[in-house]
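So the structure is just underneath, and the comments pick up after that.
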Number of protein chains: 2
Amino acid sequence: MARVEGTRSLAGPGGSPTLDEVARLAGVSRATASRAINGGNRVSSQAQTAVDDAVRALGYTPNPAARSLVTRRTDSVGLVVPEPDERVFSDPFFARTLKGVTRVLAERDLQLVLLLTRPGEEEARMLRYLRNRHIDGALVVSHHRSDSLADHLAALDLPCAFVGRPWTSADKVAYVDTDNLAGGRQGASALIERGCRRIATIAGPDDMSAGVDRLEGWRSAMREAGLETDAVVHGDFTERGGEIAAATLLERHPDVDGIVAASDLMAAGALRVLLASGRSVPGDVALVGYDDLGVAERTLPQLTTIRNPISEMAEQATRLLLQQIDGDSSVRAMRVIYPPTLVHRDSA
Amino acid sequence: MARVEGTRSLAGPGGSPTLDEVARLAGVSRATASRAINGGNRVSSQAQTAVDDAVRALGYTPNPAARSLVTRRTDSVGLVVPEPDERVFSDPFFARTLKGVTRVLAERDLQLVLLLTRPGEEEARMLRYLRNRHIDGALVVSHHRSDSLADHLAALDLPCAFVGRPWTSADKVAYVDTDNLAGGRQGASALIERGCRRIATIAGPDDMSAGVDRLEGWRSAMREAGLETDAVVHGDFTERGGEIAAATLLERHPDVDGIVAASDLMAAGALRVLLASGRSVPGDVALVGYDDLGVAERTLPQLTTIRNPISEMAEQATRLLLQQIDGDSSVRAMRVIYPPTLVHRDSA
DNA sequence: CCCGCCCATGGAAGCGCTCCCACACCCGGC
DNA sequence: GCCGGGTGTGGGAGCGCTTCCATGGGCGGG
């Protein structure tokens with residue numbers, strides 16, 4: 001409130017209260033006060049309450065820098081997004097991820113530092129940041145083929161966990177993923193069982209494992225059913241990308257009667273193009289999306305889709321990270337794979 | 001790369017290199033090395049290069065905790081989101097904000113800490129966090145009437161800036177906003193000039209200043225034109241909210257021939273309901289949105305809307321924050337207001 | 001030519017905290 | 001009654017850094 005004249009700017013005799021002041025007020029030594037504050041091992045209940053009271057009276061909170069200097073922990077973890085395009089942030093996938101991560105972090109009073117990097121020079125800057133232990137661990141989402149991040153992290157011996165299988169060093173780092181191959185198959189199979197014969201796919205970017213795996217799943221299901229696998233167009237996981245891809249698709253293969261899209265956003269875009277072209281969905285063309293993050297229920301008709309438990313995956317990844325931070329090296333290279341499930345709605 | 005056996009895990013004789021080692025290698029004192037690293041005041045060019053070389057050779061980076069302990073700066077700022085609903089994150093508004101913020105922060109090598117709080121206990125935790133100078137400053141977005149955040153921050157004497165006018169203490173904290181009143185007027189006027197006479201509005205939540213101001217702008221333009229101001233329904237800035245609001249609106253006022261929505265997302269929802277009800281847009285009902293963050297171009301017909309320069313606003317807010325952090329107290333209570341502009345497309 | 005001044009430099013004092021260690025002290029067992 | 005062990009406590013070192021201050025050398029002006 002009032003500015004104190006002098007070098008310090010907070011109330012009290014010289015800035016925010018220090019452990020020293022707490023100890024003095026509690027009538028114990030700094031060492032005892034410290035112990036009392038950090039879990040209270042080897043502290044008499046008498047000393048403990050004295051310290052507790054002093055802490056409350058002074059409104060004391062430990063200086064994080066000082067603590068971090070000696071413990072070598074920062075109580076914060078980084079969320080690395082190697083693609084800080086605003087696209088990422090408006091994607092419900094990211095929103096859900098963030099939700100899962102923050103939920104787990106809040107339990108432990110850890111802070112989240114956002115590490116956004118455009119490719120190139122910024123990556124070097126971020127690696128320096130990571131190397132220097134500004135943070136206790138890193139969580140990586142939206143990892144691309146060109147990122148050397150996984151390799152670097154694996155070499156760095158910094159606790160880390162990926163959401164989505166990394167391109168490289170997949171055997172050296174912990175990650176959480178869904179079985180995108182199975183998901184891709186499920187999407188294709190749903191259409192095949194429905195009776196579709198000319199099935200296309202709007203695949204994800206081929207520099208992301210989710211894109212590649214889903215496509216591969218689609219291919220294998222198609223092959224097993226003895227169907228052509230030539231109707232493939234790539235999108236970028238966005239609605240606009242889905243529109244463009246669908247338009248291309250209709251031009252090249254006007255006879256499609258089923259489309260598997262690698263994301264709901266792309267499916268939504270495709271849906272719009274399909275309807276605009278005069279085709280009915282699912283009457284003329286059946287459509288299957290991927291993710292089920294809310295978008296699928298908001299289209300008309302609602303999308304049949306493959307559900308990804310994103311938020312759970314993010315939570316799990318965060319837990320894996322915390323375990324590593326806690327020194328449990330058994331999870332260093334652990335992978336957790338969630339099964340995708342088909343959700344039947346109206347578009348197929 | 002290779003793991004070193006022993007207590008430390010990084011290369012070199014005992015963990016990451018310290019300033020001491022740099023100094024020794026450069027043949028200068030720790031003090032000189034420090035000066036050289038921090039801008040090089042009062043350092044001979046000879047010493048400077050020696051230090052530079054040593055830094056490079058050792059791969060030295062300053063220990064942030066140690067530095068922070070003495071400088072009392074953390075080189076990180078917090079982004080406070082008092083509504084960590086995943087809704088916020090999938091809103092393009094937030095995405096743009098983040099984009100603007102990170103761009104400015106990157107210039108100065110500052111880090112972004114995400115501070116999400118559900119109302120209630122978590123707010124106390126966050127205030128403790130802020131009070132304790134974990135961060136150098138705070139940026140607040142999506143501020144609600146019930147948040148006492150602005151008051152607390154103003155009292156805390158912690159550098160801060162709001163994106164969007166805060167409900168309270170608006171005269172005590174720095175903020176960036178658009179002239180939502182004018183924007184609301186523009187939306188209504190556009191429809192009035194077009195010849196609409198029965199104009200409704202889908203307003204924003206009445207616990208956010210943007211919602212209230214836009215509504216007030218709409219009201220005043222309507223009154224000046226001698227039109228009824230009774231067709232008001234509130235939404236929550238989401239697409240789904242827009243749908244619900246539009247449905248209510250059509251039920252209560254089936255004769256509407258124009259709607260001003262307080263966000264594009266809500267307009268998109270309304271558009272869907274309008275079309276589903278058999279009305280043409282803009283033929284039967286003209287529609288104006290708000291924000292112009294991309295959504296407006298993706299609807300069919302494309303939305304006429306009021307453009308908000310979100311990303312610029314976020315940049316500006318961040319700059320205001322940095323100025324405060326740099327000790328420029330003249331911007332402590334500065335406000336910057338951007339003008340909204342009408343963007344003509346197809347829906348009105 | 002000498003004095004004072006400025007500039008580059010290093011010594012040393014902390015920043016606030018944790019944790020090792022040594023030191024009581026008290027208990028029970030022989 | 002003495003010794004071993006366990007338990008609570010405080011002294012003190014030190015984490016890696018910035019910065020104050022004293023020092024010494026070089027320079028220009030009187």
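So that the names make sense, note that chain A is the first sequence line, chain B the second, and so on, each numbered from 1.
Per the geometry, CD1 belonging to B/I37 stands 14 Å off P belonging to C/dT9, to the nearest Å. Rounded to a whole Å, the CG atom of A/D20 is 9 Å from the P atom of C/dC15. Rounded to a whole Å, the NE2 atom of B/H134 is 13 Å from the C1' atom of C/dC17. Remark: C1' of D/dT7 and CZ of A/R35 are 11 Å apart, rounded to the nearest angstrom. Remark: P of D/dT7 and CD of A/Q46 are 18 Å apart, rounded to the nearest angstrom. If you take CZ of A/R42 and P of C/dC20, they are 12 Å apart, rounded to a whole angstrom. One atom, CD of B/Q48, and another, P of C/dC7, lie 17 Å apart when rounded to the nearest Å. Going from atom CZ of A/R73 over to atom C1' of C/dC17 covers 15 Å, rounded to whole Å.
Mapping B/L19 and A/A33 onto DNA chain D via the closest heavy atom, the residue that lands nearer the 5' end is A/A33.
Minimum atom distance to the side chain of A/T32 is reached by D/dT9, of the listed C/dA13, D/dG11, D/dT9. Distance from the side chain of A/L69 is smallest for D/dC15 among the nucleotides D/dG10, D/dC15, D/dT18. Of the candidate nucleotides C/dG10, D/dT18, C/dG16, D/dT18 has the atom nearest to the side chain of B/R30. For B/T71, whose side chain is taken as the heavy atoms from C-beta onward, the closest listed nucleotide among C/dT18, D/dC17, D/dT19 is D/dT19. Candidate nucleotides C/dT9, C/dC17, D/dC17 were compared by shortest atom distance to the side chain of B/T18, and D/dC17 ranks first. Side-chain proximity of A/A66 to the nucleotides D/dC17, C/dG16, C/dA8 is greatest for C/dG16. In this structure, the nucleotide among D/dG16, C/dG10, D/dG14 sitting nearest to the side chain of B/S29 is C/dG10.
Aromatic ring orientation, B/H134 versus B/Y129: parallel (interplanar angle below 30°, classes split at 30° and 60°).
Considering only heavy atoms from C-beta on, A/L110 comes within 4.5 Å of A/L322 through its side chain. Contact annotation: the side chain of B/V176 approaches that of B/Y338 to within less than 4.5 Å [non-hydrogen atoms, C-beta and beyond].
Contacts of A/R67 with the nucleic acid, taken as non-hydrogen atoms under 4.0 Å apart, involve only primed sugar atoms and P, OP1 or OP2. Counting any heavy atom pair closer than 4.0 Å across all strands shown, B/S34 reaches a base atom. Using a 4.0 Å heavy-atom criterion, one finds that B/A47 contacts the sugar-phosphate atoms exclusively.
Under 4.0 angstrom from either OP1 or OP2 of C/dT9 there lies at least one side-chain N or O belonging to B/S44. At C/dT18, one or more side-chain N or O atoms of A/N38 fall inside 4.0 Å of OP1 or OP2 (strictly under the cut-off). Side-chain N/O atoms of A/R72 include one lying less than 4.0 angstrom from OP1 or OP2 on D/dG16.
Between B/T18 and B/D20, the side chains place no donor N or O within less than 3.5 Å of an acceptor N or O (distance only, hydrogens not considered). B/R67 and B/N38 are linked by a side-chain donor-acceptor pair at a separation below 3.5 angstrom, with hydrogens and angles left out of the test.
Recorded end-axis angle for the helix from C/dC1-D/dG30 to C/dC30-D/dG1 stands at 50°, based on five pairs per end and rounded to 10 degrees.
Note on A/R103 versus A/E107: no salt bridge recorded, every NZ/NE/NH1/NH2 to OD/OE distance being 4.0 Å or above.
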For side-chain contact (heavy atoms from CB on, under 4.5 Å), just list the numbers for B/L19 and B/I37, CA-CA rounded to whole Å, side-chain angles, deciding distance to a tenth of an Å, and then say yes or no.
-> CA-CA 10 Å; B/L19 184 59; B/I37 286 166; 3.6 Å; yes
B/V80/B/V141 under side-chain contact (heavy atoms from CB on, under 4.5 Å): CA gap, chis, key distance, verdict = CA-CA 6 Å; B/V80 178; B/V141 305; over 6 Å; no
